[in-house]
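These notes are about the structure you will find just below.
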Amino acid sequence: MRLVLLGAPGSGKGTQADFLKAELRVPHISTGDLLRAAVKAGTPLGLKAKTVMDAGQLVSDDIVLGMLEERLSQGDVRSGFILDGYPRNLAQCEALEKLLARIGQPIDIAIKLEVPSELIVERIAGRAAAQGRVDDTPETVRERLRVYAEQTEPVASHFARQGKLQVVDGVGELADVTGRILAALPPERASA
Ligand code: AP5
Ligand code: MG
């Protein structure tokens, strides 16, 4: 199963991917997590990305694609993967499709988690208090939501045009949301 998880900041992509990876037995690949690891390690790439991430903007397509290519070259993705946070604009969408066509592993389905903005602001405020992610300040969250609407919403429309988009209600108990996602997957692939 090759699954793309779409949804605004705070919609629950990372939380749900944690459950789904166990259920589907495929790795969870989050470009945000990969970037935060690079920032923490203080690599040149991490230093470059930090300022952009702290401002709630998108890191350059080249940097993120390079990181993703490296991750997708690892053996554990043979059974599939859950992509979280990529693609984030139409250029990344095109790059991903080219990359996956080259290895004969197209995306099976894109799931978009839908959560109202008021609830998103509430959830991120909760996470900010618990974890202190640098980009979880109210101003940066506003910018991340703006960037999502402008750059990432068109990616959802792109998958919809290909007949690959399922929109899932992301509000409610964690297990209920996971159940809705699993129910939206193509049946013959749900346990692949
Ligand atoms: P990224 O790490 O991808 O962040 P994001 O998309 O803004 O999403 P979040 O991680 O904030 O939210 P989430 O949907 O994972 O929600 P979560 O499960 O944590 O990107 C960060 C930055 O990196 C970007 O701004 C950009 O700079 C850069 N970047 C990353 N990818 C890039 C790319 N491809 N190109 C360029 N730049 C890139 O849940 C949120 C909170 O809600 C948690 O506290 C959780 O416990 C809670 N919660 C979850 N589900 C529920 C529920 N059902 N009920 C109640 N609470 C819930
Ligand atoms: Mg996340």
Side-chain angles (χ1 to χ4, degrees), residues 1-17 20-21 24 26-39 43-74 76-78 80-115 120 133-135 140-168 170 181:
M1 167 66 63
R2 291 175 296 273
L3 164 69
V4 168
L5 271 184
L6 294 170
S11 58
K13 303 181 294 296
T15 305
Q16 289 301 324
L20 293 169
K21 71 178 180 194
L24 302 171
V26 295
H28 166 210
I29 302 177
S30 154
T31 46
D33 288 349
L34 291 173
L35 285 165
R36 279 184 289 278
V39 169
T43 63
L45 183 155
L47 293 176
K48 229 185 202 173
K50 183 176 176 4
T51 330
V52 183
M53 292 172 79
D54 289 357
Q57 309 279 329
L58 295 185
V59 175
S60 86
D61 290 345
D62 289 354
I63 289 187
V64 185
L65 180 63
M67 250 177 30
L68 184 72
E69 272 182 309
E70 189 187 323
R71 182 63 188 86
L72 287 177
S73 70
Q74 293 169 21
D76 63 343
V77 302
R78 267 195 291 268
F81 48 80
I82 300 164
L83 260 188
D84 154 11
Y86 195 99
R88 236 170 162 102
N89 59 30
L90 287 174
Q92 292 186 6
C93 210
E94 204 179 309
L96 177 70
E97 283 174 350
K98 272 197 189 137
L99 174 63
L100 295 181
R102 217 162 50 225
I103 55 175
Q105 299 211 330
I107 293 298
D108 295 309
I109 185 167
I111 299 276
K112 178 180 162 193
L113 289 174
E114 204 134 72
V115 177
I120 282 191
R133 221 173 94 173
V134 197
D135 60 348
T140 311
V141 171
R142 263 198 301 278
E143 179 60 9
R144 284 161 60 202
L145 288 168
R146 190 194 66 74
V147 170
Y148 178 82
E150 183 186 284
Q151 310 255 345
T152 313
E153 279 290 358
V155 172
S157 311
H158 172 86
F159 283 116
R161 280 194 297 276
Q162 294 185 337
K164 288 185 177 177
L165 183 76
Q166 291 284 339
V167 179
V168 168
I181 296 174

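The figures here come from the full heavy-atom set of this structure, side chains too, leaving out hydrogens, waters and symmetry mates. Counting begins at 1 with the first residue of the sequence.
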Beyond-backbone contact of [X] with [Y], side-chain heavy atoms, under 4.5 angstrom:
X	Y	value
Asn89	Val147	no
Val167	Leu165	yes
Leu83	Leu5	no
Ile29	Ile82	no
Phe159	Pro87	yes
Val141	Leu145	yes
Val4	Ile109	no
Leu3	Asp108	no

Report task. Output every pair passing salt bridge (Lys or Arg N to Asp or Glu O under 4.0 Å) with a member in residues 144-156, not counting sequence neighbours, ordered by first then second residue. Result ->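 Of all non-adjacent pairs touching residues 144-156, those that pass salt bridge (Lys or Arg N to Asp or Glu O under 4.0 Å) are Lys112-Glu153, Asp135-Arg144, Asp136-Arg144, Glu143-Arg146, Arg146-Glu150.
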Could you report the tightest heavy-atom contact between [X] and [Y], atom names first, then the distance?
X	Y	answer
Val59	Ala49	CG2-CB, 4.0 Å
Lys164	Pro106	NZ-CB, 4.5 Å
Cys93	His158	SG-CD2, 3.3 Å
Val115	Ser11	CG2-O, 3.7 Å

**Report entry** Distance-only donor-acceptor check, side chains Gln162 and Glu97, under 3.5 Å
**Finding:** yes
Requested in this report: Taking Gln92 for its side chain and Arg88 for its backbone only, find out whether a donor-acceptor pair lies under 3.5 Å.
Outcome: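 Present.
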For residues 64-74, dump all side-chain donor-acceptor pairs below 3.5 Å to protein atoms at least two apart in sequence or in another chain.
from	atom 1	to	atom 2	distance (Å)
Glu69	OE2	Arg102	NH2	3.2
Arg71	NH1	Gln74	OE1	3.1
Arg71	NH1	Asp76	OD1	3.0
Arg71	NH2	Asp76	OD2	2.7
Ser73	OG	Glu70	O	2.6

Report summary line: Which of Lys13, His28, Lys21 passes side chain to side chain donor-acceptor pair (under 3.5 Å) with Asp84? It is His28
